[in-house]
Amino acid sequence: MSGPSGPFHQAGGWIEVIAGVMFSGKSEELIRRVRRAIIARKRVQVFKSHLDARYAGIYTVSSHDGRTVEAIPADSAAQIAQQIDPIAHVIAIDEAQFMDRGIVPLVTSLAGRGRRVIVAGTDTDFRGEPFGAMPDLMAIAEVVDKLHAICVLCGGPASRNQRLIGGRPVPYNSPQIMVGGTESYEARCRMCHTVPAGDAAQVPLL
Ligand code: ADP
Ligand code: ZN
């Protein structure tokens, strides 16, 4: 199989998850799938958290290469549910790690009512621990793609989000979500990822 999951079709609905670190191409992949659904004359809705106002306005899903599709801002499962177009075939949700747990029953219900649901999100936080509802979404999905970025330090496949403030790794007890903060992120591999003090990865080896 080449690249992310090939076409998956079944009668009725299903859930696809695009997971991975920042810069791994989740938004690019979501946009690619949305474009192809539009070419197939499907009615598509895209939702995205307000918390990520990267590049273009909050009404678009932006990838780092600048391509965009229009998205509806929503910060909770309830806000998505209120704005669902009853005749949409495809529902895409980007930045799903910022959504509350209600996203799980919502996407389950949408798939159960015949919708193709595409969910993209960062599956681990800056500590390297599971993020929000992403683990549950990955478990209930028919199809999961886990994408990798490039580690900015060693050039290997990156599976971790390195949070930095003033160029230095932030400690473990920093909040999971920083709104409007001065932090920056780098894609790094497990070996190059650093979380000072209380690093949960430092369990004694047997
Ligand atoms: P995501 O939604 O996963 O954050 P995007 O789809 O927005 O990712 O962006 C992916 C793009 O980011 C890549 O195609 C590449 O051009 C760019 N990029 C910047 N830094 C990196 C990196 N360290 N590894 C991989 N791609 C990177
Ligand atoms: Zn590395």
Side-chain angles (χ1 to χ4, degrees), residues 2-5 15-38 44 46-75 90-99 103 117-135 137-138 141 143-164 167-170 176-179 181 183-196 199 201-202:
S2 61
S5 294
I15 300 168
E16 299 164 28
V17 170
I18 307 166
V21 285
M22 293 169 72
F23 303 108
S24 63
K26 300 181 299 296
S27 295
E28 284 173 358
E29 179 57 25
L30 181 129
I31 291 166
R32 191 183 79 94
R33 294 185 194 184
V34 164
R35 283 228 180 84
R36 291 167 64 88
I38 291 167
V44 183
V46 182
F47 294 93
K48 184 184 173 185
S49 165
H50 277 108
L51 281 173
D52 181 56
R54 181 166 73 198
Y55 298 176
I58 54 174
Y59 292 92
T60 57
V61 174
S62 302
S63 75
H64 287 107
D65 70 359
R67 287 184 299 171
T68 60
V69 294
E70 297 229 347
I72 302 163
D75 287 325
V90 179
I91 309 290
I93 303 169
D94 201 3
E95 304 293 349
Q97 76 279 2
F98 293 140
M99 301 288 173
I103 194 81
V117 184
I118 310 170
V119 182
T122 301
D123 51 351
T124 56
D125 63 13
F126 78 97
R127 303 178 184 113
E129 295 178 349
F131 205 154
M134 288 302 292
L137 293 167
M138 292 166 82
V143 184
V144 178
D145 286 291
K146 179 143 178 165
L147 309 185
H148 300 93
I150 303 299
C151 175
V152 298
L153 295 191
C154 75
S159 55
R160 295 287 181 275
N161 298 299
Q162 179 68 55
R163 183 187 282 170
L164 302 164
R168 299 164 72 113
V170 301
Q176 188 182 46
I177 298 174
M178 297 181 75
V179 180
E183 86 280 18
S184 61
Y185 292 92
E186 286 178 357
R188 294 197 186 177
C189 72
R190 183 187 293 272
M191 294 303 290
C192 297
H193 183 243
T194 310
V195 186
D199 187 345
Q202 288 175 4

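In what follows, residues are counted from 1 in the order of the sequence shown. Note: hydrogens, waters and symmetry copies are ignored here, and every other heavy atom, side chains too, is used. On a predicted model such as this, the values are computed, not experimentally measured, just so you know. Both ligands and their constituent atoms are indexed starting at 1 by order of listing.
- Short contacts between ligand 1 and Ala149, defined as distances under 4.0 Å to a heavy atom of the residue, involve ligand atoms 24 (N), 25 (C).
- Proximity of a side-chain donor or acceptor of Gln97 to a complementary backbone N or O of Thr122 within less than 3.5 Å is detected.
- Ligand 1 places these atoms under 4.0 Å from at least one heavy atom of Lys26: 1 (P), 2 (O), 3 (O), 4 (O), 6 (O), 8 (O).
- In terms of modelled atom types and a separation under 3.5 Å, the side chain of Arg160 and the main chain of Thr124 share no donor-acceptor contact.
- Around the Zn ion (ligand 2), the protein contributes the following N, O or S atoms under 2.8 Å, ordered by chain and number: Cys151 SG, Cys154 SG, Cys189 SG, Cys192 SG.
- Checked by atom type and distance alone, the side chain of His193 never pairs as donor or acceptor with a backbone atom of Arg127 at under 3.5 Å.
- Judged as a side chain to side chain donor-acceptor pair (under 3.5 Å), and not counting sequence neighbours, the contacts of Glu29 are Arg32, Arg33.
- Nearest heavy atoms, Pro169 versus Leu164: N-CD2, 3.6 Å.
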Show the numbers, then the answer: is there a side-chain contact (heavy atoms from CB on, under 4.5 Å) between Ile91 and Phe47?
CA-CA 8 Å; Ile91 309 290; Phe47 294 93; 4.0 Å; yes
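- For the pair Gly20 and ligand 1, no heavy-atom separation below 4.0 Å is found.
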Please walk me through it: do Ile18 and Leu147 pass side-chain contact (heavy atoms from CB on, under 4.5 Å)?
CA-CA 7 Å; Ile18 307 166; Leu147 309 185; 3.7 Å; yes
Mind running side-chain contact (heavy atoms from CB on, under 4.5 Å) on Lys146 and Asp123 for me, showing each step along the way?
CA-CA 9 Å; Lys146 179 143 178 165; Asp123 51 351; 2.8 Å; yes
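- At least one heavy atom of Val21 sits under 4.0 Å from some atom of ligand 1.
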Output, in order, the C-alpha distance, side-chain angles, deciding distance and verdict of side-chain contact (heavy atoms from CB on, under 4.5 Å) for Leu153 and Met191.
CA-CA 10 Å; Leu153 295 191; Met191 294 303 290; over 6 Å; no
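- Here's the thing with Met22: none of its N/O atoms is less than 3.5 angstrom from an N/O atom of ligand 1.
- For Val152, no nitrogen or oxygen atom sits less than 3.5 Å from a nitrogen or oxygen atom of ligand 1, counting backbone and side chain alike.
- Considering both main-chain and side-chain atoms, Ala187 never comes within under 3.5 Å of ligand 1 through any nitrogen or oxygen pair.
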